[in-house]
A.B. asks: 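Input: one structure, supplied below.
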Amino acid sequence: TRKESSAASDVYKRQAQAPSRDGGMSLVNIAARQRMLSQRMVLQTVLAARGSDLHLKAARSSLTLFTDSQARLVDTPRHLDTASGEIIRKTYHGPQGVGATIDALAQQVGTALDLAERQSPRVEDALARLVETTDGVLDALNTATTAFDQVSKAQSETLMKELAGIVASIQTLSLIHISEPTRPLY
């Protein structure tokens with residue numbers, strides 16, 4: 001629901017301020033890791049619901065890493081140029097945005113883990129809903145990863161153009177110096 005999505009977004013915003021456990025990973029790699037974490041969380045949650053305390057703890061840890069990473073990814077537009085920021089913003093919050101789908105996954109995992117921890121009979125229904133959403137979540141996470149890849153490629157192309165300009169300037173200065181050795185280069 002809209003309220004749950006807003007609550008998950010608020011969690012992501014608060015966690016964006018927390019220290020990162022991403023160890024200098026690129027945004028593309030963090031976004032790609034989200035796909036893996038989504039699958040890990042589903043498996044760990046299913047095993048936790050079967051009574052495994054080890055998997056309950058592991059699922060909570062995976063959920064924390066997932067939400068911390070998601071907070072960083074969603075916060076990224078503030079740190080990008082306008083065009084790149086808009087690509088990421090639209091990816092998460094535009095008309096076809098994937099933010100609500102990703103927020104819903106985090107909510108569903110958290111709910112299923114709470115039910116598993118309490119050994120609630122409702123855990124089976126929560127697991128069924130969680131497993132049902134897996135393909136849609138993977139599509140959403142893939143869309144986000146593709147957007148970060150697109151931004152990364154555009155940044156690389158811009159850098160290469162800048163470097164080509166610098167090399168051209170150096171070559172021009174070298175030619176001037178060769179033809180006029182007594183003229184200063186600057």
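All figures in this text were calculated on a predicted structure; none of them were measured in a lab.
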A.B. asks: Roughly how far, to the nearest 0.5 Å, is the CG atom of Leu65 from the CE atom of Met36?
C.D. replies: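 Those atoms lie 7.5 Å apart.
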A.B. asks: List for me each residue that meets side-chain contact (heavy atoms from CB on, under 4.5 Å) alongside Thr76, sequence neighbours excluded, and say none if there are none.
C.D. replies: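 Per chain and number, Thr76 pairs via side-chain contact (heavy atoms from CB on, under 4.5 Å) with Leu27, Leu80, Phe148.
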A.B. asks: Which residues pass the side-chain contact (heavy atoms from CB on, under 4.5 Å) test with Ala126, not counting sequence neighbours?
C.D. replies: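 Here the qualifying residues are Ala112, Leu115, Arg129.
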A.B. asks: Identify the two heavy atoms, one from Thr101 and one from Ala140, that lie closest to each other, and give their separation to 0.1 Å.
C.D. replies: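 Heavy atoms of Thr101 and Ala140 come nearest at CG2-CB, 3.8 Å.
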A.B. asks: Under 4.5 Å side-chain heavy-atom separation, chaining through any Ile, Leu, Val, Met, Phe, Trp or Tyr, what else clusters with Leu138? Say none if it is isolated.
C.D. replies: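 So far as hydrophobic clustering goes, Leu138 is joined with none.
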A.B. asks: Mind listing the side-chain donor-acceptor pairs of residues 48-57 below 3.5 Å, one per line with the distance, residues two or more places apart or on another chain?
C.D. replies:
unit_1, atom_1, unit_2, atom_2, d
Arg50, NH1, Glu124, OE2, 2.9
Ser52, OG, His55, N, 3.1
Ser52, OG, His55, ND1, 2.7

A.B. asks: For residues Thr91 and Ala144, report the shortest heavy-atom separation together with the two atoms involved.
C.D. replies: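 Shortest heavy-atom contact: CG2-CA, 3.7 Å.
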A.B. asks: Starting at CG of Asp103, measure out to OG1 of Thr67 and round the result to the nearest 0.5 Å.
C.D. replies: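 Interatomic distance, Asp103 CG to Thr67 OG1, rounded to 0.5 Å: 10.5 Å.
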A.B. asks: At what distance, to the nearest 0.5 angstrom, does OG1 of Thr111 lie from CG of Leu127?
C.D. replies: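 The OG1 atom of Thr111 sits 11.0 Å away from the CG atom of Leu127.
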A.B. asks: Taking Leu113 as the starting point, is it possible to reach Leu47 by hopping between hydrophobic residues whose side chains are less than 4.5 Å apart?
C.D. replies: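 Leu47 and Leu113: separate clusters.
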A.B. asks: Mark yes or no for whether Thr145, through its side chain, and Ala31, through its backbone, hold a donor-acceptor pair below 3.5 Å.
C.D. replies: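 Flag set: sc Thr145 to bb Ala31 pair under 3.5 Å.
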A.B. asks: Which pairs, with at least one residue in residues 134-147 and sequence neighbours excluded, count as a salt bridge (Lys or Arg N to Asp or Glu O under 4.0 Å)?
C.D. replies: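 Pairs touching residues 134-147 that pass the test: none.
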A.B. asks: Return the set of residues passing side chain to side chain donor-acceptor pair (under 3.5 Å) with Asp125 (not counting sequence neighbours), or none when no residue passes.
C.D. replies: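 Partners of Asp125 by the side chain to side chain donor-acceptor pair (under 3.5 Å) criterion come out as none, since no residue qualifies.
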A.B. asks: My understanding is that only residues two or more places apart in sequence, or in another chain, count here; which of them pass side chain to side chain donor-acceptor pair (under 3.5 Å) with Arg89?
C.D. replies: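 For Arg89, the residues satisfying side chain to side chain donor-acceptor pair (under 3.5 Å) (neighbours in sequence not counted) are Glu86.
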A.B. asks: Is there any salt bridge (Lys or Arg N to Asp or Glu O under 4.0 Å) pair reaching into residues 107-122, and which pairs are they, with sequence neighbours excluded?
C.D. replies: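 Every salt bridge (Lys or Arg N to Asp or Glu O under 4.0 Å) pair that includes a residue of residues 107-122, provided the two are not neighbours, is Arg60-Asp114, Arg60-Glu117.
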A.B. asks: Would you compute the distance between atom CD of Gln70 and atom CG of Leu141 and round it to the nearest 0.5 angstrom?
C.D. replies: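 CG of Leu141 is found 7.0 Å from CD of Gln70.
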A.B. asks: With hydrophobic residues grouped by side-chain heavy-atom distances under 4.5 Å, do Val109 and Val131 end up in a single group?
C.D. replies: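 They do share one cluster, since a chain of ILVMFWY contacts under 4.5 Å joins Val109 to Val131.
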A.B. asks: If every non-hydrogen atom of Gln44 is compared with every non-hydrogen atom of Ala59, which pair is closest and at what distance?
C.D. replies: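 Scanning both residues completely, I find the closest heavy atoms to be OE1-CA, 3.3 Å.
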A.B. asks: Who pairs with Ser84 by side chain to side chain donor-acceptor pair (under 3.5 Å), at least two apart in sequence or on another chain?
C.D. replies: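 Scan of Ser84 (side chain to side chain donor-acceptor pair (under 3.5 Å), adjacent residues dropped) gives Asp81.
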A.B. asks: When rounded to the nearest 0.5 angstrom, what distance separates CZ in Arg40 from CZ in Arg33?
C.D. replies: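 Reported to 0.5 Å precision, the distance equals 9.0 Å.
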A.B. asks: Keeping Ser69 on the side-chain end and Phe66 on the backbone end, is there a donor-acceptor pair under 3.5 Å?
C.D. replies: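 It does not hold such a pair.
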A.B. asks: List the residues meeting side chain to side chain donor-acceptor pair (under 3.5 Å) with Thr133, not counting sequence neighbours, and say none if there are none.
C.D. replies: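 Counting only residues at least two positions away or on another chain, Thr133 forms a side chain to side chain donor-acceptor pair (under 3.5 Å) with Gln108.
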A.B. asks: Show your reasoning for whether side chain to side chain contact (heavy atoms under 4.5 Å, CB included) applies to Leu130 and Leu105.
C.D. replies: CA-CA 7 Å; Leu130 178 61; Leu105 170 71; 3.6 Å; yes
A.B. asks: Would Arg72 and Asp68 count as a salt bridge (charged side-chain N to carboxylate O under 4.0 Å, His left out) here? Give the steps.
C.D. replies: CA-CA 7 Å; Arg72 180 172 177 202; Asp68 288 350; over 6 Å; no
